[in-house]
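Note that the coordinates shown come from a computational prediction; the quantities given were computed from them, not determined experimentally.
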Amino acid sequence: MRSFRLILGFVLIFLLSSCSGNKGKKIISDQDKTGNFYVGWSSEDITPDSPVLVSGQFPARVSEGVLDPITVTALAIESGTGSSSEKVIMISCDLVSIRDGTRSGSANNLRDNVRNLLKESIPELNPEQIIINATHTHTGPYCSETISSKSAYGIELDVLSPSDCQKYISESIAKAATDAWKSRKPGGISFGLGHAVVGHNRLQVNLSEKSRMYGNTNNPEFSHFEGYEDHSVNLLYTWDKKSELTGVVINIACPSQVTESLYKISADYWHDTRLEVRQRFGKDVYILPQCSAAGDQSPHVLVGNKGEERMQKIMFPDSMKTGDRTIAHRKQIAIRIADAVMSVFPYMKDNIDWNPEFAHHVDTVNLSRRLISLKDVNSALKEGKGWEKKYEELLNEIKENPEIKDKPRWYSSVTSAYKRMKRGYSVKERYELEKKQKKMPIEVHVTRIGDVVIATNPFELYLDYGMRIKARSNAVQTFLVQLTGSGSYLPPIRSVAGGSYGAVLASTLMGPVGGQELVEKTLEMINNIME
């Protein structure tokens, strides 16, 4: 079945290419393909070779091996030559987020460490020309300025420290960026729009209009899902001067969280997608994943999962497990994404732009923080104190009964209590910060490549905001890229009213006011760069 599908795809490409013939084509010589537009790619394996903390859940998870490699992929683009040329390097990492010092105030953060390293290896680049995004896998290493597991989770664990992990990954990202820059050659781009069902709105609303994340929808109280779903796949293809495909930027409104609770290092569905795309297009083709606005999206199936599982059993009869949160589900998603890439591909070679208009703007935008009342603070403190009591009880139990440490994952409960305690107390810290700094500065990038625009933000941005930007953008296609920093969830009004996990005060640094400010500023930057 798999072979038949691949053969059918190649036949489709051949037929579409043959039918087009040369009628109406503009014959482009090799000389026309060697203009002032340069493209370079590189990738690095950033899989740790020793146990690390796995990021993305309340309880600590010490990695228990590697399911599949995690990578960093860099795309370097330059237009023009010399000091007046426009330059940018876009980097995608199989991590949960890209820390940028916004929350901690520390200059020792992943983004700035990479930029500082690149000042030495690529001095002709400005630091702000380096854009780093995360795929938001929940099975990547925990990287931060935190020097020990005790600082991160309230207890000592035998792992590579978060700070050492951050140093290792910063150096790997910088190497990928440097290699991509050094490998740049004359090339071209083409872009297209495909579709694939990957992300689903994860917030179910009951008949009383209250939202909750996930949960069983086979319930008389289930009413509807809180928000929209975006199944578009924005695609940017890069080509060398021989019109050979070199890489694809794949932009999807869904984080990589199918097997998100594993205790193994994994790139989640992006690993399976890389394998599937390269099997169809060649092992040397680069894939740069981008997560579009998807703060309320996930790949988990909440309605129709029986039908989905049946299809997985038919497609992958040799798989050990099928259903939601399985490898079979990841492979199913990978095929959908690769099908989208392939469905657009036959039209791309005839639409290569060898000298696209290229521009990059970056701005520090001050957004209104979500206002916190004293009542909110007292409620959060009460919750935090409750978890502090639980944490101390569990800590004492471990001290009095050291044999507990012989049990598998003995640390889960105590580290979860610690994280929840810190989450509750963080509301008071933000309340005090608001008195001194009512606006929160964030970095927004907007890059124009021909008729495409790529706009970034650091948040887990709810899809409502993404749709507002896409609807009003004057670009032919708008690629939104979230998680280019260490922002929090950013929910809209209806999510705040629903009261689900991602919309509560402890989960957010700003709310609907700041969200709309982000929309307007991003649109202003997009419309200016596209004029």
Side-chain angles (χ1 to χ4, degrees), residues 6-7 9-44 71 73-82 85-92 176-194 234-251 273-289 338-358 447-452 454 477:
L6 288 172
I7 292 170
F10 289 128
V11 169
L12 175 64
I13 292 175
F14 174 77
L15 289 175
L16 287 169
S17 299
S18 300
C19 289
S20 63
N22 289 322
K23 185 178 180 180
K25 278 188 183 179
K26 178 182 177 183
I27 306 301
I28 301 175
S29 68
D30 284 345
Q31 187 173 0
D32 294 326
K33 299 175 184 177
T34 55
N36 290 324
F37 189 74
Y38 299 85
V39 176
W41 285 94
S42 184
S43 182
E44 284 288 318
T71 64
T73 303
L75 168 60
I77 301 176
E78 182 181 22
S79 181
T81 57
S85 66
E86 188 70 84
K87 316 173 187 71
V88 73
I89 301 181
M90 293 185 287
I91 305 168
S92 177
T178 301
D179 291 347
W181 182 253
K182 289 180 177 179
S183 72
R184 70 197 189 284
K185 295 176 182 178
I189 63 100
S190 54
F191 64 95
L193 178 65
N234 281 294
L235 298 162
L236 183 74
Y237 301 78
T238 65
W239 308 82
D240 65 18
K241 65 180 181 179
K242 295 180 180 179
S243 297
E244 296 293 333
L245 182 70
T246 57
V248 189
V249 177
I250 307 177
N251 182 284
T273 300
R274 291 181 184 112
L275 294 179
E276 187 71 26
V277 170
R278 286 175 179 148
Q279 183 168 350
R280 302 189 194 193
F281 293 93
K283 62 182 179 63
D284 296 325
V285 171
Y286 290 92
I287 296 102
L288 191 147
D339 284 348
V341 176
M342 178 167 274
S343 70
V344 174
F345 180 76
Y347 311 98
M348 293 295 98
K349 189 172 284 192
D350 292 341
N351 289 278
I352 300 174
D353 191 342
W354 298 102
N355 193 28
E357 186 162 347
F358 181 64
T447 305
R448 177 180 183 175
I449 311 175
D451 290 329
V452 163
I454 302 173
Q477 278 181 232

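The two residues K349 and S243 come nearest to each other via the heavy atoms CE-O, 3.3 Å. Closest approach of V452 to I454, counting heavy atoms only: CG1-CG1, 4.2 Å. In terms of heavy atoms, I91 sits closest to A74 at CG1-CB, 4.1 Å. Closest heavy-atom contact between G40 and S183: CA-OG, 3.5 Å. What you find for L235 and A340 is that their closest heavy atoms are CD1-O, 3.8 Å. Between F37 and S79 the shortest heavy-atom distance is CD1-CB, 4.2 Å.
Judged by distance alone, the side chain of R184 and the main-chain N or O of P186 form no donor-acceptor pair under 3.5 Å. Proximity of a side-chain donor or acceptor of T73 to a complementary backbone N or O of S92 within less than 3.5 Å is not detected. Remark: side-chain polar atoms of E86 are not paired, donor with acceptor, to backbone N or O of G80 under 3.5 angstrom.
Side-chain atoms of K241 and K185, non-hydrogen and from C-beta on, never get closer than 4.5 Å to each other. Looking only at side-chain heavy atoms (C-beta outward), D179 and E44 come within less than 4.5 Å of each other. Proximity of Y286 to T238: side-chain heavy atoms (C-beta onward) are nowhere separated by under 4.5 Å.
With sequence neighbours left out, T178 forms a side chain to side chain contact (heavy atoms under 4.5 Å, CB included) with L118, S121, I122, K182. In terms of the side-chain hydrogen bond (donor to acceptor under 3.5 Å, both in side chains) criterion, residue partners of S85 (sequence neighbours excluded) are, by chain and number, E78, K87.
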Note to self: What verdict does the side-chain contact (heavy atoms from CB on, under 4.5 Å) test give for D339 and R280, after you've listed the backbone C-alpha separation in whole Å, the side-chain angles of each residue and the deciding distance to 0.1 Å?
What the structure shows: CA-CA 10 Å; D339 284 348; R280 302 189 194 193; 2.7 Å; yes
Next item on the list: Dump the intermediate steps for side-chain contact (heavy atoms from CB on, under 4.5 Å) on W41 and L288, then the final yes or no.
Entry: CA-CA 10 Å; W41 285 94; L288 191 147; 3.8 Å; yes
Margin query: Using side-chain contact (heavy atoms from CB on, under 4.5 Å), reason through I287 and R278 one step at a time and then give a plain yes or no.
Written below: CA-CA 9 Å; I287 296 102; R278 286 175 179 148; 3.5 Å; yes
Notebook entry, point to check: Going through the checks in order, is the side-chain contact (heavy atoms from CB on, under 4.5 Å) test met by F191 and N351?
Noted result: CA-CA 8 Å; F191 64 95; N351 289 278; over 6 Å; no
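The aromatic rings of F345 and W239 lie parallel to each other, with less than 30° between the two planes, well short of the 60° mark.
A side chain to side chain contact (heavy atoms under 4.5 Å, CB included) with Y237 holds for exactly one of V285, V344, V249, T246; it is V344.
Rounded to the nearest 0.5 angstrom, T71 OG1 and R274 CZ are separated by 3.0 Å. Distance check, rounded to the nearest 0.5 Å: CD1 of I77 to CG of L75 gives 4.0 Å. Put simply, CD1 on I250 and CG on N234 are 11.5 Å apart, with the number rounded to the nearest 0.5 Å. Atom CD1 of I449 and atom CE of M90 lie 4.5 Å apart (nearest 0.5 Å).
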